[in-house]
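Let me begin by presenting the structure, written as structure tokens, before commenting on it.
Note on naming: letters A, B, ... go to the chains in the order of the sequence lines (proteins, then strands), and numbering restarts at 1 for each one.
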Amino acid sequence: GAPKQGGILRMYHRDSPGNASIHEGATYSLNVPFMPVFNNLVIYKQDEAQNRMDNIIPELAESWAWVNDNKTLTFKLRQGVKWHDGKPFTSADVKCTFDMLMGKSQQKFRQNPRKTWYEQVNDISTNGDFEVSFNLKRPQPSLLALLASGYTPVYPCHVSPGDMRTHPIGTGPFKFVEFKANESIKLTRNTDYWREGRPYLDGIEFTIIPNRSTAILAFVAGKFDMTFPTEVSIPLLKDVKSQAPNAVCVVEPNNVATNIIVNSSAPPFDNIDIRRAMALALDRKAFISIMFEGQGDVGGTMLPPPNGLWGMPKEMLETIPGYGPDVNANREEAKKLMQKAGYGPDKHLAVKVSTRNIPVYRDPAVILIDQLKSIYIDGELDVVETANWFSKIARKDYMLGLNLTGNAVDDPDQSFYENYSCGSERNYTNYCNKEIEKLFDVQSQETDIAKRKKLVWDIDKKLQEDVARPIIFHARTGSCWQPYVKGVTIMSNSSYNGYRYEDVWMDK
Amino acid sequence: MAQKSDIVLEVKNLKTVFFTNSGLFKAVDDVSFTVTRGETLAIVGESGCGKSVTALSLMRLVPDPPGRIVGGSVTLEGTDLLALDEAQMRAVRGNRISMIFQEPMTSLNPVMRIGDQIVEAVRLHRNISSKEARSIAVEMLRLVRIPEPARRAKEYPHQLSGGMRQRAMIAMALACRPALLIADEPTTALDVTIQAQILALILDLQKELGTGLVLITHDLGVVAQTAQRVIVMYAGRKVEEASVEALFAAPKHPYTRGLMASIPAVPASGVPAPARLNEIPGTVPSLVRLPQGCAFAPRCKLAIKRCEAEYPPLADWGGGHLAACWRAEEVAEVA
Amino acid sequence: MAAIDFDVELRRAGAHATGGWRRVLFMAQRHVLGAAGLVIMTLFVLTAIFADFIARYDPLTVDSARALARPTLAHWMGTDSFGRDVFSRIIHGARISLAVGIGSTALGGTIGVIVGLTSGYLSGWVDLVFQRVSDVLQALPLLVLALIMTAALGPSLPNVIIAIAIPLIPTVSRVIRANTLALREQPFVEAAKSIGMSEMRIALRHVLPNTLAPLIVLATAQLGSTILTEASLSFLGLGIPEPYPSWGRMLSESAAEYVRTAPWLVIFPGIAISLAVFGANLFGDALRDILDPRQRG
Amino acid sequence: MSEVLLEVTELKKHYPVRAGVLRRQIGTVHAVDGVSFSLGAGETLGLVGESGCGKSTVARSVLRLVEPTSGQIRLDGEDITHLSKTALRPHRRSMQIVFQDPFASLNPRMTAGDIVGEPLAVHGLATGKELETRVAKLFEQVGLRSDQMKNFPHQFSGGQRQRICIARALALGPRLIVCDEPVSALDVSIQAQVINLLIDLQREHGFSYLFIAHDLAVVAHISHRVAVMYLGRIVEIADKDDLFRNPRHPYTQALLASVPIANPLAKRLAPLVDGDVPSPVNPPSGCAFHTRCRYAMERCKTERPALLDAGDGHQVACLLNAGTGRSQ
Amino acid sequence: MFAYLVRRLFLMLVTLFGISVVIFFLLRIVPGNIVDILFAAAGYVDPADKANLEKELGIDQPLIVQYWHWIIGFLRGDFGYSYVSEKPALQEILPRIPITARLAGLALLFSASIGIPLGVISAVKQGTKLDYTLRVISLSGLSLPSFWLGLLILTASVAMFGQMPIFNPNPKTWLEAFATYAVPAAAVGFRSAALTMRITRSSMLEVLRQDYIRTARAKGASDAAVNYHHALKNAILPVITVIGIEAAFLIGGLIVTETVFNIPGVARFLVEAIRWRDYPIVQNLVMFIAVVVVFANFTVDMLYAVFDPRIRYTD
Ligand SMILES: Nc1ncnc2c1ncn2[C@@H]1O[C@H](COP(=O)(O)OP(=O)(O)OP(=O)(O)O)[C@@H](O)[C@H]1O
Ligand SMILES: Nc1ncnc2c1ncn2[C@@H]1O[C@H](COP(=O)(O)OP(=O)(O)OP(=O)(O)O)[C@@H](O)[C@H]1O
Ligand SMILES: [Mg+2]
Ligand SMILES: [Mg+2]
Ligand code: NI
């Protein structure tokens, strides 16, 4: 039927985000509750599951254009938009936002995790109050994709980063009301929203419930209209289905790749043979069947099709060592490599597998250790507290690490530069291959999608063959809502971009 | 002998045993006696011979397990106490029959004020206000010669001296003016002047109320001064019973005889005290492995073959003087 | 008067039970629950010792093919989501859970007794200082300590044991101290002093045995609760790390996801924990009764 | 008498009395208020007096089981009043006490044998089998069966418990035994045994006793000298014969007259003194006994009589007859 | 007594000072600080930015100086700002304290009001079926992990009533408030009650054999009067001790319950703050808890004297 106005959407939240400033966070714990407060220049269509270039629509921008040999991206801005505190929105706000992201302004973010996204941006220029241009060093078609991410809201100039962390002001469909750490986050309808008739909801209330079982039980008991998006694991999904058969549930990939980070700067994994053997020993299907009861995806760096835009086709994937269907044959090969490196049935290699003390990290690590046993590697789990994890990795104080890499947008630029370029802060393995890096730039500048795909596949294959950072699988998770909740779309190739909630309504 | 109607307490063939892991312990074995109104019956005997257990049996307070009254009857003012249910017995305890326990230190509740403990005893059986009860309590403390009774009433047992504690016990036991008072060594912790006062007090109250008194004591002097009749116990059995005069004049059991001889005397002027006291050699036998015959035989100078084989029955040797000895008539002469 | 069967009564009092075995048997009959507790504890300890022989599968081997199998003849208690045999994991888990339980109780208990005795017996300044220290320990909540320990040292078995043992110290020492304070005033302590016993010896010979009853109750209760504490720590992700099967973690992690879909994952570790705690406590109660001389009749 | 073993001078022990929520001190119990006496080696000093007059407190102070408020205690010429606990320990061997309350002074969780053997073990005098035989011997000495060694205190009768206490005190073979009413719970035959035992031991080993009892007959039997206490003070002290034959203090006289005689034909239970025992918190002014004394004079209310020699070492604290007390 | 109180108060301050030192330095021993975590969470390591932030938060100063600033602030009532939420620490802590306090209070009430009577009954009926039954029930309370019990309660209530008791921050009626706290408190209290019961039982058994109990019986006192009036009062000391310990334990130990029932109390908050290395919150919160614990202990000590006149605190 026709959307109805009104109602407060009750949702639980999986944990308490550190602050309320999307730009200072790197977790969708922040995006989910605070995306509704903001608008981007452009955004992925919120009612389509797959994020694609051609799905990007203007938001605070009315239109955009690539000019100057594709080196300048110019936006025409919407007029008459007001910040939640009543101040008008202008191009200055856009400039402020991105200057700050590039670290060029007086005021600084406490942390600025996506600074690298704007590496190719020279500067931002404005032309009057309602036109703004991004001037690039070289063409980068996927900049638009990055700008369409839920991670890229426009911030007001007149509010300090500190205030944005505690009381965010945006132009979005919902206004921030309050955030009680560990307790709740409340948003209310922005009656002055520039988009007529939106949002439908009177407000959104998040109750923070870190304990999953309690949260799911509460959902089943009808205390919530919706689960936290993508937080229902496959086993729990069965549970929800059996207890609340009417609930609507979807299972989608969330573009988080579980991978092994290998310390190739120190023995034994400085030996490519051992790295290869390890890659060959992986039984990806087993991981998926244990973790997702079969509902996960095998792939390379990029999320595999059909949900992923850039993943290698199956045939190509199976040519990569370790991806072949015959696990035993792979392992035989792996054993040979191990023997070549001097290990065998009576000389096992002892390694430590470090990982964070969170089930989604720990569980695959346990499986990994078990699988490594088949090739003379005795793994021992080394659980590291989150607080110490990154510094440990950064110190290279590990042998193998089991890691999760989430991709904000399904775009190679974001993924490759961040994780595989020499010297990138998130390139934990210090993998550095100048040739491949050149290929990164080539694909980045390619405007023809089909050609670019080819390039990306080749890069991805090479990365896997080099055992740079073996990808084990791409996770899938579920989200559920009560049948009367309408207009929810869970993105199928990203878990960061689909939470504007201006189209959501309740049929009650 | 007193008339039937005057009988306050009649104990018949009382048997109390302890079931212990080392065997059956016959603490009280076939003991009978009666107490009439206003009469004082003294029970004497070697320590450990079952005097306290007898008293506890009368109150039905023998710890169970391991103890159990396994036979006989206890009739108080016509009711068989052993047949009462626990609630009925409660109404009797502390009211019609009350007891002064042997060890005042541990018999008083350490966390309750003395006064409150007496008040409780009074209010359990009498329907009066706590204020009245309190004044009765203070009055009782005064009666037992506790100085500054009002203040002492507010003190805790550990703040009193041993004698005062004992007096507090007495006050508690007498608070309800019972028909039968069992006093288990009530004055051992007192000095003689106070002992005289207390005994006089107990006897006064006894006379006034017609209370029957069972007095358990070691002090034969006290027995001589207070009791009308005496029971002598040995190893759980009554071995002799007589009026006090008869007993002191001519004991008919060698054990009694030995006791008498052991009494030290305050030296009267001019008479030098004997260096050593007479004593009965040997010790009380274990109550588990009692000899077949007379339990006293191994320590007895008069013992004959028969004593070891056969337990002598309690026989009346004239004038209600009962004694359980084959050679009762020779006892006085031998000595 | 109902007839009294002397033999039965004597038997009940244990008069027939002379000599070693008969005595033990008698005690077992007299304290049925305690005997049950002892049997349970013994079984668990044996299980822990001979885990390698009892377990039918390797507790760590992952097998996706048999994941989440229901209890069958092959897998008596089913398998977990990794396809690991739950029975084998529980058998091996006994080692860890008992190590935590016994280890931390023994550690915390011993220190607690020493502190409590010294503190209560010597009183005065020693008492004040010890009590302040135990105040400090007590004011640091268990989980704060555990968090800090695991963060600083990594979550390992010894660290978990220490982290759980520390908060036991003030608990035990306070109970012991309270008892000691009362006992110190007892005449038999004075008597011991009068024969020239050293304070230390009085504390050990006279005061300690008289605090044994509460101590045993407390220790066995704590033995159980430390196993539970480990479970709680696991629930918070701070217990013994994967893949070693501590009961607490088996329970706490399955509880969330599988309580309805694969209940055997939750039921069996739960039963193991409860049984162990139960056994320890039952045994403790009985031991308390047996050690009380006044109960011996 | 030969050399002095124990000398107590001006011993005082005051306990605070507290009341109210804040338990403020509202007064002082003058439990012992200036007691002096001496005890020679091989001598027995009997200590009698009103209950609550401070006898036990004196006894416990002598052994330093309570810390005296003031005064001095010398054992063998050595001042032990201020010795530290450790320094005191060796002296403990030479002085022992038999407590007034036998049950409470026995550890409920130890067997009788262990209790009696403990002093020997503590001082390392015997171990193992030897310990056992010595304990068995001690049991026998006090009239207990050696098969009772493995029983617990609650399994004994009151008198038996008292004997356990005596055995424990005897174990160390001390030179001084403080007996705080050691026989009041015993029946006369056992009492006779115990007293004979004490006398024999004294003859053999030259023990000294500070013997507290209510039973004047017993005291008369065992003592060489007797001290009479009243309300924290000694009111009369003399050789036994002298005291019993010629008591000078009215309180002593009352005491002697109150002893029940084991002869039913000579009834004389009428109490000779009456009136309330005064409280040690507010002791009467002057002579503490004046409130109950038939012979009290006006002076007695204000003047506290000193303990003066009335001839032949017979000391008395009474204002009658110029400080020599009342002669009968 | 007054002198004792003054000294006691002084000692409490000493204790609090000790706790402040311990918690302060313990926290610093643990590797990682808020800045590490913030930067790590963002997967972003820029040493200059990190140093800047450390400077901004003042955690680059020598430890002694940091400690001094904290303590001086604490004494002046300035509790600093949470590193994470950037709100005043007091504002974060204060609203959570009553929640946990209520929960703990209710749990203790539950524990005492059930544990003590059952303990008495079980002791009095020692060896009977009733005793066995009560002990088995109480032991099952001790044997169930509290999170497990909590989950069970939640699951059962959803399965049976299709409803679950979940924390209601603004209860309207008294009943609602009770419902909000009662179930979680019962889940905690069950364990606590079991412990209380066992200690009560043990202590009562000790007392019931005493002579003065016999005296009370001899007065004709009813079983109830004997058990509750005479015996319990003598047996209560260890029980008070245990309840006191539980009280102290509960303030910081409710974390699991707070997690399962999703109650925004201090315990869960504290763990969260430790995870974030949010020093101002952890330090001040621990100090608050410490104050509570220290007072709980003090109360227990005073209660000793109330219940047992033989214990006196002098000089
Ligand atoms: N609870 C018990 N368990 C086993 N035996 C007991 C118990 N109570 C008393 N007895 C035994 O019963 C016998 C009689 O004890 P009872 O207390 O009656 O002696 P008594 O005559 O009062 O001695 P005393 O004059 O020393 O007080 C004693 O031998 C004692 O060992
Ligand atoms: N710990 C104490 N605290 C307060 N007062 C006490 C304490 N111990 C004893 N007293 C008081 O000191 C006085 C003397 O007591 P003590 O026990 O020495 O008397 P006693 O002469 O041994 O009496 P009894 O013959 O009754 O045993 C009494 O008034 C008693 O109340
Ligand atoms: Mg007796
Ligand atoms: Mg005394
Ligand atoms: Ni019958």
Side-chain angles (χ1 to χ4, degrees), chain C residues 30 32-33 128 131-136 138-145 147-148 151-152 167 170-171 174-175 177-179 181-182 185 213-214 216-218 221 224-225 228 231-232 235-236 248 251-252 255-256 259-260 266 270 273-278 281-282 284-285 288-289 292 294-295, chain E residues 11 14-15 18-19 22-23 26-27 29-32 126 132 135-136 139-140 142-148 151 155 191 195 198-199 201-203 205-206 209 237-238 240-242 244-245 248-249 251-253 255-256 259 267 270-271 274-275 282 286 289-290 293-294 297 300 304 308 310-311:
Chain C
R30 177 104 169 242
V32 183
L33 289 180
L128 284 169
Q131 287 309 303
R132 273 356 89 198
V133 173
S134 84
D135 275 355
V136 171
Q138 233 188 325
L140 288 174
L142 160 68
L143 289 154
V144 172
L145 267 176
L147 271 163
I148 290 177
T171 312
R174 263 167 199 283
V175 171
R177 170 176 173 269
N179 249 288
L181 278 181
E185 307 295 327
I216 285 173
V217 172
L218 199 67
S225 71
L228 296 184
S232 295
F235 177 75
L236 300 171
L251 177 60
S252 60
V259 65
R260 294 173 60 89
V266 185
I273 292 184
S274 296
L275 260 186
V277 176
F278 213 64
N281 283 295
L282 285 180
D285 273 354
R288 181 223 161 274
D289 288 354
D292 181 353
R294 270 165 295 193
Q295 301 282 318
Chain E
L11 285 167
V14 172
T15 308
I19 291 166
V22 169
I23 189 65
L26 263 185
L27 274 180
I29 287 172
V30 176
Q126 190 197 13
Y132 282 17
R135 278 163 67 196
V136 167
L139 277 183
S140 64
L142 274 177
S143 320
L144 290 176
S146 55
F147 64 87
W148 178 219
L151 269 182
T155 312
R191 191 200 81 89
L195 190 64
R198 297 193 61 218
I199 293 288
R201 175 179 183 272
S202 157
S203 184
L205 284 178
E206 208 87 337
R209 295 268 162 165
L237 238 54
I240 291 176
T241 313
V242 165
I245 293 167
F249 171 78
I251 298 294
I255 154 104
V256 169
T259 305
L270 179 60
V271 172
I274 293 176
R275 287 221 165 115
V282 179
V286 166
I289 293 175
V293 171
V294 166
N297 288 344
V300 165
Y304 282 171
D308 190 339
R310 284 166 296 186
I311 294 176

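If you measure heavy-atom distances from E:L195 to chain C, the contacts under 4.5 Å come from the side chain alone. If you measure heavy-atom distances from C:L275 to chain E, you find no contacts under 4.5 Å at all. Heavy atoms of E:S203 lying under 4.5 Å from chain C are absent altogether.
Closest of all the heavy-atom pairs between C:L282 and E:L139 is CD2-CD1, 3.3 Å. E:Y132 and C:V32 make their closest contact through OH-N, 4.2 Å (heavy atoms, listed as atom of the first residue, atom of the second, distance).
In this structure C:L228 satisfies the side chain to side chain contact (heavy atoms under 4.5 Å, CB included) test together with C:I273, C:V277, E:P145, sequence neighbours excluded. Listed by chain and number, the residues in a side chain to side chain contact (heavy atoms under 4.5 Å, CB included) with E:I23 are C:L140, C:V144, C:I148, E:L27, E:W70, E:V282, E:V286 (sequence neighbours excluded).
Among the candidates E:I199, E:V294, E:V14, E:L26, the residue making the largest number of heavy-atom pairs closer than 4.5 Å to chain C is E:L26.
The main-chain N or O of C:N281 is found under 3.5 Å from a side-chain atom of E:R198 such that the two form a donor-acceptor pair.
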